[in-house]
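Since the structure comes first, as structure tokens, the remarks are kept for the end.
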Amino acid sequence: QVQLVESGGGLVQAGGSLRLSCAASGRTFSIGNLGWFRQAPGKEREFVSAISRIASNTNYADSAKGRFTISRDNAKNTVYLQMNSLKPEDTAVYYCALALRLTDYSRSYYKEDGYDYWGQGTQVTVSS
């Protein structure tokens, strides 16, 4: 069974930065696509960023482009989300997700049902 554990969330002022980490158990981490999603209070969970198996492809929601950077270290079974220039509207619980099924990355990276395993989430709060 694969487990994902996020960390790195917290309270930060607008304009600040945070680096989220998601550590995975299981030897299958390196063969999966990885994604970050977030859910703000009263809103549905939304796609933030994704990275393909061999990190040849990265994708971002429009709200994250130019400010967030996703990366992965397969040797450490960890995926990161560097978030810069944070805004109050970035306040949400951030979830990492892992897809182990063989999928067409380009068609599935932004969809919740494209992922098989989810972490418990880490809270990010950006104050104005």
Side-chain angles (χ1 to χ4, degrees):
Q1 184 73 7
V2 175
Q3 288 188 321
L4 303 174
V5 179
E6 301 97 334
S7 61
L11 174 64
V12 64
Q13 289 188 332
S17 298
L18 284 173
R19 188 194 196 201
L20 304 184
S21 299
C22 175
S25 61
R27 298 171 58 187
T28 53
F29 175 89
S30 63
I31 68 172
N33 299 324
L34 290 154
W36 285 97
F37 290 74
R38 67 186 184 187
Q39 187 168 22
K43 295 187 178 181
E44 294 187 352
R45 190 155 56 183
E46 64 178 5
F47 168 76
V48 176
S49 182
I51 187 166
S52 61
R53 293 184 298 115
I54 55 175
S56 58
N57 292 302
T58 58
N59 294 85
Y60 299 91
D62 288 344
S63 60
K65 286 179 182 176
R67 299 188 300 125
F68 294 2
T69 302
I70 190 171
S71 61
R72 65 190 294 167
D73 185 337
N74 289 340
K76 295 183 178 180
N77 279 6
T78 302
V79 61
Y80 305 97
L81 186 68
Q82 177 67 45
M83 305 187 296
N84 298 328
S85 302
L86 283 162
K87 305 175 182 179
E89 50 263 45
D90 294 318
T91 295
V93 177
Y94 284 72
Y95 299 89
C96 68
L98 171 65
L100 292 182
R101 286 170 286 158
L102 287 177
T103 60
D104 182 344
Y105 172 82
S106 64
R107 294 175 180 263
S108 63
Y109 70 84
Y110 56 95
K111 300 177 181 178
E112 289 189 49
D113 62 6
Y115 295 88
D116 304 300
Y117 297 96
W118 292 81
Q120 83 290 346
T122 185
Q123 177 70 47
V124 171
T125 303
V126 184
S127 63
S128 57

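We count residues from 1, following the sequence as given.
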[X]: side chain to side chain contact (heavy atoms under 4.5 Å, CB included) partners, not counting sequence neighbours:
| X | value |
| --- | --- |
| Val2 | Leu4, Thr28, Leu98, Leu100, Tyr117 |
| Arg101 | Thr103, Asp116 |
| Val12 | Leu18, Leu86, Val126 |

Item to complete: Keeping to residues at least two apart or across chains, list the salt bridge (Lys or Arg N to Asp or Glu O under 4.0 Å) pairs with something in residues 52-63.
Response: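 Checked against salt bridge (Lys or Arg N to Asp or Glu O under 4.0 Å) - neighbours excluded - the pairs reaching residues 52-63 are Asp62-Lys65.
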Item to complete: Sequence neighbours left out, what passes salt bridge (charged side-chain N to carboxylate O under 4.0 Å, His left out) with Asp113? Give chain and number order.
Response: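 Scan of Asp113 (salt bridge (charged side-chain N to carboxylate O under 4.0 Å, His left out), adjacent residues dropped) gives none.
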Discussion item. Glu46: which residues meet the salt bridge (charged side-chain N to carboxylate O under 4.0 Å, His left out) condition with it, sequence neighbours left out?
Written reply: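 Testing Glu46 for salt bridge (charged side-chain N to carboxylate O under 4.0 Å, His left out), a comparison that skips the adjacent residues, returns Arg38.
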Say whether, by atom type as modelled, one donor and one acceptor occur between the side chain of [X] and the main chain of [Y] under 3.5 angstrom.
| X | Y | answer |
| --- | --- | --- |
| Glu6 | Gln120 | yes |
| Ser49 | Asn59 | yes |
| Ser128 | Pro88 | no |
| Ser52 | Asn57 | yes |

Discussion item. Under the ring pair (Phe, Tyr, Trp, His ring centres under 6.0 Å) definition, can you give me all pairs with a residue in residues 55-89, not counting sequence neighbours?
Written reply: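 Residue pairs passing ring pair (Phe, Tyr, Trp, His ring centres under 6.0 Å), neighbours aside: none found.
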Practice prompt. Using the side-chain hydrogen bond (donor to acceptor under 3.5 Å, both in side chains) rule, collect all pairs that involve residues 12-24, keeping only residues at least two apart or in two chains.
Written response: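 Non-adjacent pairs meeting side-chain hydrogen bond (donor to acceptor under 3.5 Å, both in side chains): Ser17-Asn84.
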Discussion item. Around atom CD of Gln3, are there more than 12 heavy atoms from other residues, nucleotides or ligands closer than 6.0 Å?
Written reply: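 At most 12 heavy atoms, drawn from other residues, nucleotides or ligands, come within 6.0 Å of this atom.
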Worksheet entry | Transitive ILVMFWY cluster of Tyr95, excluding itself - 4.5 Å side-chain cut-off |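 For the cluster that includes Tyr95, the remaining residues are Phe37, Phe47, Val93, Tyr105, Tyr109, Tyr110, Tyr115, Trp118.
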Fill in: Residue list, side-chain hydrogen bond (donor to acceptor under 3.5 Å, both in side chains) with Ser71, at least two apart or on another chain
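Ser71 satisfies side-chain hydrogen bond (donor to acceptor under 3.5 Å, both in side chains) with no residue once adjacent residues are dropped.
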Worksheet item: How would you list, by chain and number, every residue that makes a side-chain hydrogen bond (donor to acceptor under 3.5 Å, both in side chains) with Glu112, sequence neighbours excluded?
Response: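 For Glu112 the side-chain hydrogen bond (donor to acceptor under 3.5 Å, both in side chains) partners, ignoring immediate neighbours, are Arg45.
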Worksheet item: Does the side chain of Met83 come within less than 4.5 Å of Val124's, by heavy atoms?
Response: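 Counting from C-beta outward, Val124 and Met83 do come under 4.5 Å.
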Practice prompt. May I have all residue pairs that pass disulfide (SG to SG under 2.5 Å) and include part of residues 63-128, sequence neighbours excluded?
Written response: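 Listed once each, the pairs are Cys22-Cys96.
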